[in-house]
Amino acid sequence: MRLSSCRSLALLPLVLAAACASQPAGPKPMADLPNVSTDAILADIRKLASDEFEGRAPGSNGETLTVQYLSEEFRKAGLEPGNPDGTWVQKVPLVAVTSAPTPLVVRKGGVKKPFKVRDEFIAFSKHVVDQVTIEDSELVFAGYGVQAPEYNWDDFKGLDVKGKTIIVLVNDPPVPDPANTKELDSKAFGGKAMTYYGRWTYKFEKAAELGASGVLIVHETYPAGYPWTVVQGMAAERFNLAAPDKNLGRSKVEGWLTMEAATALLKMAGQDYQKLKALAATPAFKAVPLGMTASLSVKQTMRTVASQNVIGKLPGADPALKEEYVIYTAHWDHFGRCAAVDGDDICNGALDNASGTAVMLEIARKMKTVKPAPKRTLLFLSVTAEEQGLLGSEYYGDFPLYPLEKTLGVVNIDGINQWGRTSDLVVVGLGASDLDDYAAEAAREQNRTLKPDAEPEKGFYYRSDHFNFAKKGVPAFDPDAGVDYIGKPGDYSQKKRDEYTNTDYHKPSDQVKADWDLGGAAEDAKLFLAIGYRVAQAAAYPEWKTGNEFRSIREAALGKKK
Ligand SMILES: [Zn+2]
């Protein structure tokens, strides 16, 4: 851990203690860092979540008001415009696409078998074009579609899938524990926890990287955690980034097959789905060419939406370090006008994520007052279109305003604790990087502890904006509200969370409530401030922990620069 070991003088031999006393001071104690104001946080939430802001949909008048408000508050906080072009924004061009595929036709020699849209498969394209077609593209069963150097795992093993269409399974390869085959091997793909290799977004990205023309994921309800109807929902209008390359680097066709369709397709190739699936959970598995081809077209109707990330900058005070960066992220967007409940059709998104945005603003104001001023530059990045698939942060990751290899870490704030003080803080993916050590140290000074999230198999770490930094190698911290409320019964947290999930989540009633108590959020905010400040002052860069799936990406990124 990189926090000064000189803090615990009592534990050191006298000589060493004397040496330590003459060293530069350790990290500034929490007690000397400024407290954040719950009143300021609440006032910002009320503003951003007001009906005037119309639920902050990307491209709406609500966006215009939100961008103005955030820029103005950053300015008042004493920040500088965060874009090197002198503005407070980074333009994020979005495109909303509705895809209409033809049936998928699989051919083996002279035999053709069509598969039905929606009932048996769904497909779309990230290419920003009116139509994509794949014709007689060779089909390959590619297991879990994973290349994971840290687990010595490669489902392709040199098989060239350029121009081909790959069929892959959902989730991480479920490798059994050699000592107890009923359990998963905790040393492979996080055991029960999901790694990024298990997310469907990874499968699509890997297919693109390998040059596959098409990629179809086999849907199974149990491992996916949701039914086919949810997958069918993804066939509705989808937002994408309108990147300058029109996303032509992606596979032409991305989609899902039902398990029944996949079973039938593989049977046509003389293969057994369950047998292949069992083989795919072993490291010896190698992708299997099926001796068949796939043909399919997708017609697309599109509308463009111009949106923006908002960014403020607190330049570092140390000339040698000011071109190194620590970033706070919080998405400002929500769903705008939505399905009415009791005549109210504005999804205000007070908790999701006016609250995180407000906490970030307050951290910016307080960071400006810390003495000595931070050595490295702090960036406050409020991103758009999180609700449409983390698009604003993806755009920043693809087109960073400051080099990612000079970006030490990211603290993301998506939702806050609104129910009072807790004796703990939940960290999603706890143990991922050294940032968690900074958090543990700050929590200890608050007499609090860190806890992992309760459902690591759901892969929450991969579902908010910090993740777009993690996948580029930048260590990223993903906190969630604590669960042990001081002076409240043990089931209080679960009860309140369930209430929110069932009643308010992504609904017009996500508004500021009379019973909110931001005392806990204020402590969390101060802890986040401490992490950012201490990383900005630190002697070394935070790193991913050994075995983490992003460590090799970071090493490669930093190595290139050496
Ligand atoms: Zn949301």
Side-chain angles (χ1 to χ4, degrees), residues 140-157 159 161 166-207 210 212 215-228 230-231 255-263 265-267 269 271-288 290 428-432 452-463 467 470-471 545-552:
V140 174
F141 175 78
Y144 286 85
V146 166
Q147 287 182 316
E150 63 279 22
Y151 300 118
N152 232 332
W153 193 282
D154 183 354
D155 284 329
F156 299 91
K157 298 191 174 65
L159 183 79
V161 295
I166 61 172
I167 295 171
V168 296
L169 302 168
V170 287
N171 276 21
D172 293 319
V175 183
D177 185 343
N180 174 7
T181 50
K182 287 201 177 103
E183 298 287 327
L184 293 179
D185 186 351
S186 62
K187 290 189 204 69
F189 298 100
K192 178 172 159 268
M194 188 192 278
T195 68
Y196 187 52
Y197 302 110
R199 287 283 288 164
W200 52 266
T201 49
Y202 169 83
K203 319 273 179 184
F204 290 157
E205 287 159 5
K206 179 51 72 177
L210 296 174
V215 47
L216 297 167
I217 299 173
V218 181
H219 174 77
E220 285 195 54
T221 296
Y222 177 73
Y226 43 79
W228 176 247
V230 170
V231 179
W256 272 264
L257 284 169
T258 64
M259 189 177 79
E260 293 73 21
T263 305
L265 184 152
L266 289 167
K267 197 171 168 199
Q271 298 282 356
D272 180 84
Y273 176 67
Q274 294 300 341
K275 269 190 200 153
L276 280 183
K277 191 175 146 184
L279 265 179
T282 63
F285 173 82
K286 183 182 176 182
V288 182
L290 296 175
V428 182
L430 181 64
D453 62 308
E455 301 172 301
E457 69 279 13
K458 292 196 177 162
F460 284 117
Y461 189 79
Y462 315 107
R463 299 188 186 186
F467 167 63
K471 78 192 243 204
K545 299 292 187 189
T546 304
N548 185 279
E549 67 260 48
F550 305 113
R551 189 178 164 95
S552 61

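For clarity, every value in this text was computed on a predicted model and none was experimentally measured.
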**Student:** Considering residues at least two apart in sequence or located in another chain, which fulfil the ring-ring contact (aromatic ring centres under 6.0 Å, His included) criterion with Y196?
**Tutor:** Y202, Y462, F467

**Student:** Which pair of heavy atoms, one from A281 and one from V175, lies closest together, and at what distance?
**Tutor:** O-CG2, 3.9 Å

**Student:** Could you tell me whether a side-chain N or O of K203 sits under 3.5 Å from a main-chain N or O of L169, the two making a donor and an acceptor?
**Tutor:** yes

**Student:** Provide the closest heavy-atom pair for K206 versus Q147 in the form atom of the first, atom of the second, distance.
**Tutor:** NZ-OE1, 2.8 Å

**Student:** In Å and rounded to the nearest 0.5 Å, what is the CD1 to CH2 distance from I217 to W200?
**Tutor:** 7.5 Å

**Student:** Please report the interatomic distance CH2(W228) to CG(L257), rounded to the nearest 0.5 Å.
**Tutor:** 7.0 Å

**Student:** Ignoring hydrogens and geometry, is there a side-chain-to-backbone donor-acceptor pair from D453 to V428 under 3.5 Å?
**Tutor:** no

**Student:** First locate atom NZ of K471, then atom CD of E549, and finally report the distance between them rounded to the nearest 0.5 Å.
**Tutor:** 12.5 Å

**Student:** What is the minimum heavy-atom distance between P176 and T181, and which atoms define it?
**Tutor:** CB-O, 3.8 Å

**Student:** Which heavy atom of F550 sits nearest a heavy atom of A470, and at what distance?
**Tutor:** CD2-O, 3.3 Å

**Student:** Within a reach of under 6.0 Å around NZ of K286, are more than 12 heavy atoms found that belong to other residues, nucleotides or ligands?
**Tutor:** yes

**Student:** Answer yes or no: is there a donor N or O on one side and an acceptor on the other, between the side chain of D172 and the main chain of T195, under 3.5 Å?
**Tutor:** yes

**Student:** Answer yes or no: is there a side-chain heavy-atom contact under 4.5 Å between K277 and L279?
**Tutor:** no

**Student:** For the backbone of R463 and the side chain of R199, can you confirm whether one donor and one acceptor N or O come within less than 3.5 Å of each other?
**Tutor:** no

**Student:** Treating K157 as the side-chain partner and F285 as the backbone partner, does any N or O pair qualify as donor plus acceptor under 3.5 Å?
**Tutor:** yes

**Student:** I'd like to check I167 versus L290 (side-chain heavy atoms, cut-off strictly below 4.5 Å). Are they in contact?
**Tutor:** yes

**Student:** CD1/I166 to CZ/F204 distance, rounded to the nearest 0.5 angstrom?
**Tutor:** 10.0 Å

**Student:** Locate the shortest heavy-atom distance separating A280 from Y144; write the atom from each residue and the value.
**Tutor:** O-CD1, 3.6 Å

**Student:** Determine whether the aromatic ring centres of residues W153 and Y197 are separated by less than 6.0 angstrom.
**Tutor:** no

**Student:** Rounded to the nearest 0.5 Å, how far does CD of E150 lie from OG1 of T546?
**Tutor:** 11.0 Å

**Student:** Tell me, yes or no, whether the heavy-atom count around K187 atom NZ, taken from other residues, nucleotides or ligands under 6.0 Å, exceeds 12.
**Tutor:** no

**Student:** Using a cut-off of 6.0 Å, state whether more than 12 heavy atoms not belonging to N180 lie near its atom CG.
**Tutor:** yes

**Student:** Atom NZ of K182 and atom CG of D177: how far apart are they, to the nearest 0.5 Å?
**Tutor:** 12.5 Å

**Student:** Which heavy atom in F189 sits nearest to a heavy atom in P173, and how many Å separate them?
**Tutor:** CE1-CG, 3.7 Å

